[in-house]
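Below is one structure, written out as structure tokens; comments come after it.
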Amino acid sequence: MSVSSETDPLLLNSTGYKHIQSKGQTHETRVYWRRFYILAAASLVGFCQGWIWNTWGPIQDAAEHVFHWSDSTIALMANWGPIAYIASVLFFSWLLDVKGLRWSVVITAAVVAVGAGIRCISMEPLKATWLNHVGLFLNGVAGPVAMSAPPLISAVWFPPRQRTTATAVTALSTYYGLAFSFVIGPAFVPSYMQLNVTSNITKVFHNESVNQPGYNTTDNLDALREDIRLYTYVEFAASASAFLLVLLYFPSRPPIPPSISAGCERNDFIKGLKRLRRHRAFWLICLAYGICTGVFGGWGAILAVNLKNFKIGEDEAGWIGFYSTVAGSVAGLLFAGIADFIQRRTKLVLIIVLFGASAAFCWFLLICLRVLPASKVGLFVSATLGGLFVNGAIPLFYELAVESTYPIAEGTTTGILTLMNNVGCLVFLLLPMFSTLKNSMDEWMNPTMAASCFVCIPIMLLFKARYRRLSIDIPGSR
């Protein structure tokens, strides 16, 4: 068996054919340069979906003043993502497995663009509230493909020693969008208090009367409303561009598969679901993934509310969210590269990463409890490290799941896997709606975040890894 070209760097020359011997047969495989376009286009769709989902968290103060929303309303806006995901995941898992990548990704990009466009119709508070509920529900409908397609894209378009890295690129694109929202949101829409202070300074300079703190001046609210309008226009333009990109060219698969397993038949959708139902190892990894990443997703979405008691404003909370998400996305690529390089040690890498996440969020918790000296630097560093490890674990969870359940189709496996993530996020974001927890969010959010990472370690120790695809593509990989 000759696999030398599959051990080359990711940007390998893909002009020739490869012939792989397996059980007396020659399997022709080939990798195409166009796989990078597919990777980039799918990643842009995921980027827009993650960005738009987290529109309101980073500009919560401005949105609450302009639209008369409460903290619970902001949490509900974020909650439409997991609610819509749960409602649509089975359909899109079926679509991925039966109709293929093109139909799935084009429909997903269209839904993201329509959801973004609906929110641009009106900025009048009552209408805008309903339009945002509808728009964010549609954005959530796009979640199953944005989160579940990455392992399928890597399986269909990339050779074995590039699969985990390719999965990481597309899987983490939604998190890059999430990180981007923490920066671009406050850049377009300042907080109401910041705008009011700036306005008062200007009036003092011109010897005009100064507004009392918190007074809702019409001029300031109108300015914020126009800033929000412009911001939603920009989000719509980006999502519409992503839709046009995949509409123009996004084939479901290459003419010749990149690996032996890519050309092998998968279980049909119904049979795959039945097999997953009885797959103990799969449910262990689902449980760990849902608890760890689900809680982290909800925790990050309302981070600004969490940090109010530390006098950390939206801008600073936004930067914490940005750095933690970017660090995790970069780490995900690094961990995926390590897993691609060493092969068959993905479980070990994942457990080490979970230990790191547990330590980081325990540090964050101890600062919040004043057991350790309270400092913005400590909060920034511990949250960033926590995000680094949790987000960095995502592609490892994906690849372990699809390896263990092969030949069940990747779309079915990752659809159910990411469903657990959204269930975890939904439960976490529903908790602030209960009056007993609403006024003490910092008292339960941070212990829950730390515990969610720690409890996944024994779960993964019970998980028995099987590398079924690799055993076909690279004999000896069990």
Side-chain angles (χ1 to χ4, degrees), residues 9-11 35-36 39-51 53-54 57-58 146-147 149-151 153-154 158 161-185 187 289 292-293 295-297 299-301 303 316-342 345-346 348-361 363-364 377-400 418 421 449 453 456:
L10 194 59
L11 294 171
R35 70 192 187 278
F36 297 112
L39 197 68
S43 296
L44 181 59
V45 174
F47 179 92
C48 290
Q49 198 269 338
W51 170 18
W53 174 71
N54 197 43
M147 296 182 68
I153 292 171
S154 64
F158 288 81
R161 293 193 184 276
Q162 299 174 7
R163 278 198 298 239
T164 308
T165 303
T167 295
V169 172
T170 40
L172 295 171
S173 62
T174 56
Y175 294 89
Y176 279 117
L178 180 67
F180 185 65
S181 70
F182 283 113
V183 176
I184 195 68
Y289 178 76
C292 179
T293 64
V295 171
F296 179 72
W299 181 84
L303 185 60
E316 291 176 302
W319 282 110
I320 291 176
F322 172 78
Y323 285 125
S324 65
T325 307
V326 168
S329 300
V330 173
L333 295 175
L334 175 63
F335 298 150
I338 293 172
D340 270 337
F341 179 75
I342 62 177
R345 295 292 183 271
T346 307
L348 175 62
V349 175
L350 178 56
I351 290 174
I352 293 171
V353 169
L354 289 173
F355 268 110
S358 301
F361 282 115
W363 180 14
F364 187 91
V377 173
L379 291 172
F380 264 81
V381 174
S382 57
T384 299
L385 285 174
L388 181 153
F389 288 114
V390 173
N391 286 338
I394 290 170
L396 304 178
F397 276 116
Y398 277 30
E399 287 300 302
L400 271 179
T418 53
N421 162 276
M449 184 66 252
C453 296
C456 293

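Position 1 is the first residue of the sequence; numbering continues from there.
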Between [X] and [Y], what is the shortest heavy-atom contact and its length?
X: Ala360; Y: Gly386; answer: CB-N, 3.4 Å
X: Gly332; Y: Leu172; answer: CA-CD1, 3.6 Å
X: Tyr175; Y: Ser329; answer: CB-OG, 3.8 Å
X: Gly387; Y: Phe296; answer: CA-CZ, 3.6 Å
X: Pro58; Y: Phe182; answer: CG-CD2, 3.7 Å

Original post:
Would you say the side chain of Phe335 lies within less than 4.5 Å of the side chain of Leu388, judging by non-hydrogen atoms?
Top reply: yes
Subject >> Any side-chain heavy-atom pair of Thr346 and Thr164 under 4.5 Å >> reply: no
Looking at [atom1] of [X] and [atom2] of [Y], how far apart are the two atoms once the value is rounded to the nearest 0.5 Å?
X: Met449; Y: Ser358; atom1: CE; atom2: OG; answer: 8.5 Å
X: Ser324; Y: Leu178; atom1: OG; atom2: CG; answer: 8.0 Å
X: Gln49; Y: Asn54; atom1: CD; atom2: CG; answer: 11.0 Å
X: Ser173; Y: Leu44; atom1: OG; atom2: CG; answer: 8.5 Å
X: Thr165; Y: Ile338; atom1: OG1; atom2: CD1; answer: 10.0 Å
X: Phe380; Y: Phe364; atom1: CZ; atom2: CZ; answer: 10.5 Å

Original post:
For Ser154, which residues count as a side-chain hydrogen bond (donor to acceptor under 3.5 Å, both in side chains) partner, sequence neighbours excluded?
Top reply: Thr167
Subject >> Listed partners of Thr174 passing side-chain hydrogen bond (donor to acceptor under 3.5 Å, both in side chains), at least two apart >> reply: none
Original post:
So, does Tyr398 use its side chain to make a donor-acceptor pair with the main chain of Met147 at under 3.5 Å?
Top reply: yes
Original post:
Under the side-chain contact (heavy atoms from CB on, under 4.5 Å) criterion, do Leu385 and Tyr323 qualify, and how do the steps go?
Top reply: CA-CA 9 Å; Leu385 285 174; Tyr323 285 125; over 6 Å; no
**OP:** With side-chain contact (heavy atoms from CB on, under 4.5 Å) as the test, would you mind laying out the steps for Asn421 and Phe397 before giving the verdict?
**Re:** CA-CA 11 Å; Asn421 162 276; Phe397 276 116; over 6 Å; no
**OP:** Determine the sole option in Trp299, Phe389, Phe355 for which the ring pair (Phe, Tyr, Trp, His ring centres under 6.0 Å) test with Phe361 is passed.
**Re:** Trp299
Original post:
Can you list every side chain to side chain donor-acceptor pair (under 3.5 Å) pair that touches residues 377-392, not counting sequence neighbours?
Top reply: none
